Number of protein chains: 2
Amino acid sequence: MTDYDKSKHIRNGGPVTLADIAKLAGVSPVTVSRAINTPALVKPHTLEAIEKVIARTGYVPNLLAGGLASRRTRLIAAIVPSVASTIFAETIEGLNAELVSAGYQLLLGLSGYDPGRELELTRAILARRPDGIILTGITHMKETRAMLTGASLPIVEIWDSTPSPLDTAVGFSHAAVGRLVAEHLLIRGYDRYAQVGANDPRAVQRRDGFVNRLKGIAEVELPELDMNSPSTFRDGRMAMAQLLDRGEGSLGVFCSSDVVAHGALAEAHARGCNMPGELAIIGFGDFDFAPHTHPPLTTVRIDRRDIGTKAARSILRKIAGDTSVEAMIDIDFHIVARGTA
Amino acid sequence: MTDYDKSKHIRNGGPVTLADIAKLAGVSPVTVSRAINTPALVKPHTLEAIEKVIARTGYVPNLLAGGLASRRTRLIAAIVPSVASTIFAETIEGLNAELVSAGYQLLLGLSGYDPGRELELTRAILARRPDGIILTGITHMKETRAMLTGASLPIVEIWDSTPSPLDTAVGFSHAAVGRLVAEHLLIRGYDRYAQVGANDPRAVQRRDGFVNRLKGIAEVELPELDMNSPSTFRDGRMAMAQLLDRGEGSLGVFCSSDVVAHGALAEAHARGCNMPGELAIIGFGDFDFAPHTHPPLTTVRIDRRDIGTKAARSILRKIAGDTSVEAMIDIDFHIVARGTA
DNA sequence: AGTTACAATGAAAGCGCTTTCATTTCTTCG
DNA sequence: CGAAGAAATGAAAGCGCTTTCATTGTAACT
């Protein structure tokens, strides 16, 4: 039997390597590699011996070395704007659950709604050679797009819809959401219409869809908020105060998120507005608290977790070589009519 | 000048490597490596030439190879129970911000409050040889502890306090939180006391601190919730209904999170309870909505983001070889008295 | 008994970097 | 102008795995 100890000097108590295991188990390194990755190819008796040594030594394979050699890292990267804003947190959870159960690990990047940071993150992430990458939205800097397509790996864009994704997209049309909300309000008929909220690309799409649907019917008021995305409870409250102060007549408001809507609602509640007769508020996201506001918030519901799940499945299929993954995977949305519209 | 093309065959359009850059720039691979990692060691003229080639080719270094060779991955792993539950999301944001600005990347693991999953995650994460690891809480399976100490890397445990951390801990005493809340309620004096909420290790500590402080003074009622951590709005509402149904007299309630408290509050509100005279509710976390409930929620405030920031700084210092990092870094907490207690 | 096939194992090369140590090329100064 | 020291660069080895191809052992069939 050959001696597999390639080390020039005695092991200095440093981390155990595959070669160490091989030596201790009296087999070659390849066999240990197979015992770990493709145990079916190893004779049960040998396998058992190797496993015993692994357990005894507490060996943890080095996936850097493994990834370098095999060109597969079992790493999936995801870039989202934020994780504190509820909206993406559940998508991440869905993503992660699906990835972990397939033996993959999630590498997370937070872009803070900043395309420049998205670019830097993309570079940093690509340097780790993930097997796939997930991005939020469909608007990226051209350098980002170039780098991504040059890396030739599966890409999934989430939370938006497009006929021409970089690779595959999982999401829905924000403009359609805006239109749907407009129609919901139109049926009831209000004297004035307004939209308040964030200015990230997707919120803007929703606003534009809303405004366009009302074009020729009503002017949409857009209170100015001196802030950047994402917007807050406070923003909603201030905007609503502004709206209520500067005009008469019944009012239908579309907020860019449930948080903003909640703020708007608080102001309306404080002023004793009659909802939804005199004032209607529609949020976006159907956050946990939405059913519990006073009155309960009418909002647009999206299965946020499902976006993560479907994104994970798509990317895993692509990694597995499945070329039949659809370019655009649509996610459902609908209005949950509660007390505010 | 030597020819640095080591490849036996012509490059097949695959990813550009450091050797390719070296060849195109007419220098050796080491020089390119230095141009990237320690540009100060390279003559400005050479540097410029190399940078030009890198830009032109869109070269992205392979950090797997780099990490394998240098034994530094610039990767920090963090394991938290969940990211959808608000409580940890901001910690992650703080962590990430600090790490990114130091050139590190965050590898995220979600344990779902399950020690077994924490163990698996630890193994999977260690296999990627992070430069440091951050864990939530101080209770881990003994296999996890063994694996961690065996890996000999900087460890930071967050969101709890202990005199004997694995390495360093950043957090606070949950028992002390429970005591503080008990004292806050005692000052006002209620006929009955109750605690409702989750059963994760930290929530249990808070409950025990609360119960112990009231020992000999009052029995603490603990409504049964047929659920696991984390608990929800619904749990809070049901528990409050139970409490209100089965007893008389004024009542002081400590909830394991603001979400639970919000639910409890909704039930109390619906029944027209007089707060805080007849009924007191104290939450935990000071979530965004806490100031905006009706009445506004009294709760325990912790700077969640700060935990992340401090954890990141500690681990970065450790990586830099600083041995003066304190074993226990305390995080402040205090009661924000609003309308419910 | 003699192929043939398959299962189990091994040898060697190499993934793309960084490290260490050696060499070359400048400066600087007596 | 030549020696000494510093600055800039390079050669070679190797990080810890997986891959490919070769070899050996074992069973199955004629």
Side-chain angles (χ1 to χ4, degrees), chain A residues 1-9 11-12 14-23 25-50 54 57 59-74 126-129 131 151, chain B residues 1-9 11-12 14-23 25-50 54 57 59-74 126-129:
Chain A
M1 204 148 287
T2 325
D3 183 356
Y4 288 111
D5 186 9
K6 302 275 181 58
S7 59
K8 307 289 183 298
H9 48 76
R11 281 249 139 246
N12 51 352
V16 187
T17 70
L18 185 138
D20 297 330
I21 303 297
K23 208 180 76 174
V27 297
S28 76
V30 238
T31 304
V32 177
S33 175
R34 279 192 277 254
I36 294 168
N37 303 306
T38 49
L41 297 181
V42 176
K43 203 204 286 191
H45 177 254
T46 316
L47 185 58
E48 198 189 347
I50 293 173
I54 289 180
T57 55
Y59 169 62
V60 178
N62 184 331
L63 284 187
L64 293 176
L68 181 61
S70 70
R71 294 141 175 299
R72 300 198 314 108
T73 52
R74 301 210 147 256
L126 253 25
R128 303 201 186 268
R129 302 293 189 263
D131 291 341
Chain B
M1 204 149 286
T2 327
D3 183 356
Y4 288 111
D5 188 8
K6 302 275 179 56
S7 59
K8 307 287 183 297
H9 49 75
R11 283 246 139 248
N12 50 352
V16 188
T17 70
L18 185 137
D20 297 331
I21 302 297
K23 209 180 75 173
V27 298
S28 77
V30 237
T31 304
V32 177
S33 174
R34 279 191 277 253
I36 293 168
N37 302 307
T38 50
L41 297 182
V42 177
K43 202 203 288 192
H45 177 253
T46 317
L47 185 58
E48 198 189 347
I50 293 173
I54 289 179
T57 54
Y59 169 63
V60 178
N62 184 331
L63 286 187
L64 292 176
L68 181 60
S70 70
R71 295 141 174 298
R72 300 198 314 110
T73 52
R74 301 210 146 256
L126 254 24
R128 302 198 187 269
R129 302 295 189 262

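Source: prediction; values computed, not measured. Letters A, B, ... mirror the listed sequences (proteins, then strands); counts begin at 1.
Remark: side-chain polar atoms of B:Ser70 are paired, donor with acceptor, to backbone N or O of B:Gly66 under 3.5 angstrom. Looking at B:Arg129, its side chain does come within 3.5 Å of a backbone N or O of B:Leu126 through a donor-acceptor pair.
Map B:Lys43 and B:Leu63 each onto its nearest nucleotide of DNA chain C; the residue landing nearer the 5' end is B:Leu63. Of the two residues near DNA chain D, A:Arg71 and B:Val42, the one whose nearest nucleotide lies more 5' is B:Val42. Comparing B:Leu47 and B:Ala65, the nucleotide of DNA chain D nearest to each residue sits closer to the 5' end for B:Leu47.
Protein atom CD of A:Glu48 is 17 Å distant from nucleotide atom C1' of C:dA8, rounded to whole Å. Going from atom CG of A:Leu126 over to atom P of C:dC17 covers 13 Å, rounded to whole Å. In this structure, A:Leu68 places its CG atom 12 Å from P of C:dT18, rounding to the nearest Å. Atom NZ in A:Lys23 sits about 16 Å away from atom P in C:dG10, given to the nearest Å. Atom-to-atom, CZ of B:Arg72 to C1' of C:dT19 comes out at 13 Å; the value is rounded to the nearest Å. Across the protein-nucleic acid pair, A:Leu18 atom CG and C:dG14 atom P stand 20 Å apart, rounded to whole Å. In this structure, B:His45 atom NE2 and C:dT25 atom P are separated by 16 Å, rounded to whole Å. Rounded to an integer number of Å, the gap from CD1 of A:Ile21 to C1' of D:dG16 is 12 Å.
Residue B:Arg34 is classed as a base contact, given a heavy-atom separation below 4.0 Å to a base.
Side-chain contact between B:Val42 and B:Val27: absent, with no pair of heavy atoms (C-beta onward) separated by less than 4.5 Å. A 4.5 Å side-chain heavy-atom check between B:Leu63 and B:Thr73 finds every atom pair outside the cut-off.
For A:Thr17, no side-chain nitrogen or oxygen approaches OP1 or OP2 of D:dC15 to under 4.0 Å. Using a 4.0 Å cut-off, no side-chain N or O of A:Tyr59 falls inside it from OP1 or OP2 of D:dG16. For D:dG10, the OP1/OP2 oxygens have a side-chain nitrogen or oxygen of B:Thr31 closer than 4.0 Å. Between B:Ser33 and C:dC17, a side-chain N or O to OP1/OP2 separation shorter than 4.0 Å is absent. Listed pair A:Asn62 / D:dC15 fails the phosphate criterion, with no side-chain N or O lying under 4.0 Å from OP1 or OP2.
Here B:Ile21 contributes atom CD1 and B:Thr31 contributes atom OG1; the two are 13.0 Å apart, rounded to the nearest 0.5 Å.
Nearest to the side chain of A:Val30, among D:dT9, C:dA11, C:dC15, sits C:dA11. The side chain of A:Ser28 has C:dG10 as its nearest neighbour among C:dG10, D:dG16, D:dT18.
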